[in-house]
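Structure first, commentary second.
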Amino acid sequence: MQAKELAPAYSPKDTEEKIYQAWEESGYFNPDNLPPPTAEQAGNRKKTYTIAVPPPNVTGSLHMGHALNATIQDILIRKKRMEGYKTLWLPGTDHAGIATQNVVEKDLKKQGLTRHDLGREKFLEKVWEWKEKYGDIILNQFKKLGSSMDWSRTRFTMDEGYQKAVEQAFHHYHKKGRLYKAEKVINWCTRCQTSLSDLELEYKEEAGKLWYIRYPLSEVKGEKLKVKSEYVVVATTRPETMLGDSAVAVNPDDKRYQGLIGKKVLLPIMNREIPIISDEEIDATFGTGAVKVTPAHDLLDARIGEKNNLPIYKVIGQLGKMTEEAGAGFAGLKIAEAREKVVAELKNQNLIEKEENYQHNVAVCYRCGGVVEPLPSLQWFLKMEELAKLAMDAVKSGKIKFHPQSWEKVYFAWLENVRDWNISRQIWWGHQIPVFYCSKKLEKFKVKSLKFKVDEEYFIVADKKPKQCPICKECEMVQDTDVLDTWFSSALWPFATLGWPEKTKDLKEFYPTQVLSTARDIINLWVSRMIFSGLELAGEKPFTDVIIHGTILTKEGRRMSKSLGTGIDPMVLIEKYGADATRFGLIWQAMGNQDIHWDEAAVMAGKKFANKVWNIARFVLQQTSLTNDPRPTTNGHQKEDKEILEKLAETKKAVESGIDNYDFGPALHTLYDFVWHELADKYIESSKQRQDEGAQQTLNYVLLEVLKMLHPFMPHLTEEIYQDLSGKKQDFLMVETW
RNA sequence: GCGCGAUUAGCUCAGUGGUAGAGCGUUUCAUUGACAUUGAAAAGGUCGGAGGUUCGAUCCCUCCAUCGCGCACCA
């Protein structure tokens, strides 16, 4: 039977959408709907192979990183599916607390409104509306790329079951005594008006000044400071914080200051007597070696303050303005204004010894770029010591492996020095903290001591407000107004998506998952937290292999960014060259763990290659109809036939081990080379002289094998060709025997 | 400051202890039957620098330079 004739050129536009639709209709993306396994697949069918997609933010649209990552995962999933595994690739999105709230707030601002004008409930309605409208955009973009995800299992980090998982996690940590609420110095975004964890900061280089300020010794009563022995010079980039100083610190081994430790200085402007203390954490080589200590507005100073029991003067408020405690002349000023005024005042008093230009980094919010101020705030914390140990052990023991392994260093470096995790955020969009306070006792929380911790008898952890307060039996309980860090819920992704804490069939069958593929910038923000959450809550590691793929940069090696206009939209590439060519271009450049200096030429090469494969198929189908005999007979085989079959076998081996070892780029290069330069340029050319049975059989066989090998990389093209083979054994190449 | 990675053809990148490879670009030739999104051929590299190990180094080691990235208690 003659196969239907193929068009002279491959057209992604006429193919990709049609094929994707057919796949979706087949139901084979869902592991429960796979067709009966072939004899070769049967052994594997008892095993599952699961990947939970890193859920993109609902605010996002697909960028090159997503496209690369999705392609990598699709390659793994498709190969395993063909090998017979029950494969599940679970899609979904993340509610992305701060990011999403910011987007909706921006929308409101156009109408001159703030979230406070609407109130919490109305505002959240708006966010949900926004999510319903735009939240699935990115998932549809995954489809355009050809991702074989099981859409029937799509999850969202705030859907009903997931909420339960988050509550359960909170409950669990609480019962284990891992949660506490305390007023500590945390990172505060003055724009988003919320706390941030250490990982949610970025640093921006800024040209600043280093001021050398004289703090007079209080034992010296003279009006003018002429002699060096009468004052201590401290260096600071932030003179305005001196209003909150409660000590001057030097390194205990610093010979210059030995005689001064224990003495006191009179803090200028504030006229407050503060001690000179010593602390090992002070670097004697910085500035003068003497440092002003502001426990409220610096993380190091906070630690020194705590060790030495220093008083805390909170001089900067949450809006980034000076507080009452900064004194009458400064209260209400913006930080920059206060800085100027403090410097002017000090100059006036001849207390500035000198000023130097100084390049330093200032912390900014990773979501809005706003200024981040360290300041004391009452927050929930998760104790990290034991969880970090769990996470480290899993990797040290080899139960979880990073690919490439060098990233384990980054992982350990963070966990070894990790601080307790500030998990509360002062925003509205997210999982509201499942804590209910006894109203009567709530007042007691409003205390200032850094050591303050909430005693359990003041609140309960519950998913719903109880009718009666179990503590005082009379008040109306109030829920904590904070929400949880978005990463607290993301950390549950691999098991919460499968139904945890319920003991669902899916959880039993598909957890733990096999692979987690992601970019390096969220190794600690997300991966490490998933690992300890999985071990601690689900009782098992969440995955075995962590793939850290390269980052896609511009051709010049710069970060791709929408705001800088250096980004490339994968959807534009798909439109221009097709999804398969785009996938090809991505993987073609994915060599080792190197960052990719993006070159669109690789996508064009992919488009040409797609056409080449198309025409190879066209030639073979013109010659003969495919019988799909897995083992060609050796009758009539000539030297060329044997050679190409040998090379085919070598290629298959290389492609297999390439995919299995997560070396996707080299696998594709090998396959490309075989198809173009061995099969097309040499074998097919020579076979034109023959057209005998041996050549036909060989062509048939090699074509089918090529389609199979290439399918994970370029699924639409290969599927379309497969559909035209008269002797195909399965209804889809997607489920053919690998 | 500590750590990681890179440095190979005009561009983007592979690669190997024994006379260097791909894609794109360039040059020449080839056109009625799979494909011009093609084929055949060619030009083009002292494999960042210096030293070392070795019979032999682009590959291993040391140092240096440049670029990029991460981390840090960035006062």
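Predicted model, so just to flag it, every value in this text is computed and none were measured. Every chain is numbered from 1, with letters handed out A, B, ... down the list of sequences.
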Separation of B:U37 atom P from A:M604 atom CE, nearest Å, is 14 Å

Notebook entry, point to check: Do we see a donor-acceptor contact under 3.5 Å between the side chains of A:T651 and A:K653?
Noted result: no

Under-3.5 Å donor-acceptor pair between A:K409 side chain and B:C4 base:
no

Should the ring pair A:W588 and A:F584 be called parallel, tilted or perpendicular, given that the plane angle runs from 0 to 90° and is split at 30 and 60?
-> parallel

A:K682 NZ to B:A40 P, in whole Å, measures 9 Å

Here the distance between atom C1' of B:G23 and atom CG of A:L668, to the nearest Å, is 11 Å

In whole angstroms, the gap separating C1' of B:G25 from NZ of A:K555 amounts to 9 Å

Atom CZ of A:R520 and atom P of B:C69 are separated, to the nearest Å, by 9 Å

Notebook entry, point to check: Taking the six-membered ring for Trp, are A:F532 and A:W421 parallel (under 30°), tilted (30 to 60°) or perpendicular (over 60°)?
Noted result: perpendicular

Atom CG of A:D595 and atom C1' of B:U7 are separated, to the nearest Å, by 14 Å

Rounded to whole Å, the CD-C1' distance (A:Q594 to B:G5) equals 6 Å

Counting only Watson-Crick and G-U wobble pairs with both atom distances below 3.5 Å, the stems of 3 or more consecutive pairs that include RNA chain B are B:1-7 with B:65-71, B:10-13 with B:21-24, B:26-30 with B:38-42, B:48-52 with B:60-64

Q) For the residue pair A:H63 and A:H66, does the interplanar ring angle fall in the parallel (under 30°), tilted (30 to 60°) or perpendicular (over 60°) class? A) parallel

When rounded to whole Å, the CD1 to C1' distance for the pair A:I596 and B:A6 reads 14 Å

Would you say the base of B:A75 and the side-chain of A:E281 have a donor-acceptor pair closer than 3.5 Å? no

